[in-house]
J.: 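Can you read through this structure? Questions will come right after.
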Amino acid sequence: MPNKLRWGVVATGGIADVVTGDLRLLPDVEVLAVSSRALPKAEAFAAKHEIPRAYGDYADLLADPDVDVVYVATPHVQHHEVTRAALEAGKHVLCEKPATLTLPHLQEVVDLARERGLFFMEAIWSRFNPLTVKLREVVADGAIGELRSVRADFGFALEHDPAHRLWNRALGGGSLFDLGIYPVSFAHMLLGEPETVAAHGSLVDGVDAEVGMLLGYPGGEHALLASSLVSPLLSRAVVYGTRGLVELPGMHHAPTAIIVNGVEHRAEIEGAGYVPQLREVVARVNAGEVESPTITHAESLAILRTMIEVGDQVGLRYD
């Protein structure tokens with residue numbers, strides 16, 4: 001393994017732009033290559049981020065023998081195809097969430113990564129935020145007593161445009177898989193996989209415009225969650241215990257503060273917030289590991305099971 005892990009970035013959209021900026025903050029990383037379906041876009045992206053190699057097809061990037069790790073930032077519907085191809089090409093993979101839209105596809109890439117001894121992780125970057133880490137610690141330490149319930153949502157009002165990826169069923173649009181994965185993941189982090197799932201929502205052009213979710217657990221614990229493309233949800237979270245509560249008063253998936261029983265805690269956020277996740281990938285790859293204990297393969301599968309059940313209940317179907 002070279003001194004620096006050499007990364008290739010597949011796609012040049014907004015999330016790829018921000019994450020690549022954070023990648024370049026890591027001293028043990030070289031962003032070596034980028035690909036886009038349109039070569040001029042890849043070349044412009046490469047020029048902006050000082051990336052030496054630009055490709056007009058992701059297959060060409062995957063054929064580059066010098067690329068060690070691939071960051072997949074394509075639309076959701078392409079995640080499975082690109083991730084599988086990257087693993088088959090012998091590359092480690094960090095794939096944007098949701099890693100796939102179906103359980104068989106996710107199980108396939110998990111099995112392939114393990115078979116090939118390659119690292120694979122779904123990019124649920126919020127798990128690595130230092131304040132999210134602090135939240136897990138205070139809950140585990142009993143600061144709020146026995147955990148009983150979680151409230152979390154994420155949403156905004158987006159003008160309806162059938163061509164926009166979030167309103168486009170062919171691109172995996174809808175609020176659930178793009179926004180709802182954050183509150184669902186948040187609940188899973190604290191309470192685990194639910195025993196029961198109840199969901200209600202509305203569809204527009206075959207995708208979910210909004211969803212409300214109630215996740216139930218054997219001891220009566222529950223999570224009340226929501227996602228929306230039609231309402232400006234507060235996008236906050238509260239974690240309730242028998243002796244107190246933790247509030248995340250800002251965007252809960254990217255907190256800048258948490259309040260534990262009335263006491264505020266803050267932490268320095270590196271870059272745009274993706275640095276801790278990227279540092280985790282580097283550490284696990286260099287250690288020869290195939291997954292991160294912070295977001296394991298099993299948990300990605302569990303989160304997807306919950307989301308698919310929610311989607312089934314509101315009538316969301318992807319081809």
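Position 1 is the first residue of the sequence, and the numbers go up from there. The structure presented is a predicted model; accordingly, all values stated were derived computationally and were not measured.
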J.: May I ask you to test the V110-Q107 pair for a side-chain heavy-atom distance under 4.5 Å?
T.: yes
J.: Look only at the side chain of T20 and the backbone of A16, and say whether a donor-acceptor pair between them is shorter than 3.5 Å.
T.: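 Yes: the side chain of T20 pairs with the backbone of A16.
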J.: Keeping the roles fixed (side chain from D68, backbone from R6), state whether a donor-acceptor pair exists under 3.5 Å.
T.: yes
J.: Is there a side-chain contact between V31 and E50 in this structure, where contact means two heavy atoms from C-beta onward sitting under 4.5 Å apart?
T.: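 Side chain of V31 against side chain of E50, heavy atoms only: no contact under 4.5 Å found.
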J.: Identify, with sequence neighbours excluded, every residue that meets side chain to side chain contact (heavy atoms under 4.5 Å, CB included) alongside D22.
T.: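 Scan of D22 (side chain to side chain contact (heavy atoms under 4.5 Å, CB included), adjacent residues dropped) gives L25, A272, Y274, V275, L278.
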J.: Under 3.5 Å, which donor-acceptor pairs link side chains of residues 202-227 to any protein atom two or more places apart or in another chain?
T.:
unit_1, atom_1, unit_2, atom_2, d
S202, OG, E210, OE2, 3.0
D205, OD2, H160, NE2, 2.6
D208, OD1, S175, N, 3.4
D208, OD2, S175, N, 3.0
D208, OD2, S175, OG, 2.6
D208, OD2, L176, N, 2.7
Y217, OH, G192, O, 2.9
E221, OE1, G219, N, 3.0
H222, NE2, R151, NH1, 3.2
S227, OG, S175, OG, 2.9

J.: Are M251 and V239 co-members of a hydrophobic cluster defined by side-chain heavy atoms under 4.5 Å apart?
T.: yes
J.: Roughly how far, to the nearest 0.5 Å, is OG of S292 from CG of L94?
T.: 10.5 Å
J.: Relative to the ring of H49, is the ring of F45 parallel (under 30°), tilted (30 to 60°) or perpendicular (over 60°)?
T.: tilted
J.: Using modelled atom types and a 3.5 Å cut-off, is there a donor and acceptor pairing between side-chain atoms of W125 and backbone atoms of E96?
T.: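 No; zero donor-acceptor contacts below 3.5 Å.
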J.: Just so I know, are the side chains of R165 and H76 near enough to count as touching, which here means a heavy-atom distance under 4.5 Å?
T.: yes
J.: Are the side chain of E30 and the backbone N or O of K4 linked by a donor-acceptor pair below 3.5 Å?
T.: no
J.: Establish, from distance only, whether the side-chain atoms of D64 and Y55 form a donor-acceptor pair under 3.5 Å.
T.: yes
J.: Answer yes if L301 and L101 sit in the same cluster of Ile, Leu, Val, Met, Phe, Trp and Tyr residues linked by side chain heavy atoms under 4.5 Å apart, and no otherwise.
T.: yes
J.: Centroid-to-centroid, H297 to F120, below 6.0 Å?
T.: yes
J.: Pairs in or reaching into residues 231-244: which pass side chain to side chain donor-acceptor pair (under 3.5 Å), with residues at least two apart or in two chains?
T.: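 Every pair satisfying side chain to side chain donor-acceptor pair (under 3.5 Å) with a residue in residues 231-244: there are none.
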J.: Give a yes or no on whether the backbone of E291 and the side-chain of R114 come within a donor-acceptor separation of less than 3.5 Å.
T.: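 No: the side chain of R114 does not pair with the backbone of E291.
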J.: Ring pair (Phe, Tyr, Trp, His ring centres under 6.0 Å) for H253 and F154? Distances and angles first, verdict last.
T.: CA-CA 9 Å; H253 67 289; F154 187 17; 4.5 Å; yes
J.: Are the aromatic rings of F119 and H92 close, with centres under 6.0 Å apart?
T.: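 Centroid separation for F119 and H92: 6.0 Å or greater.
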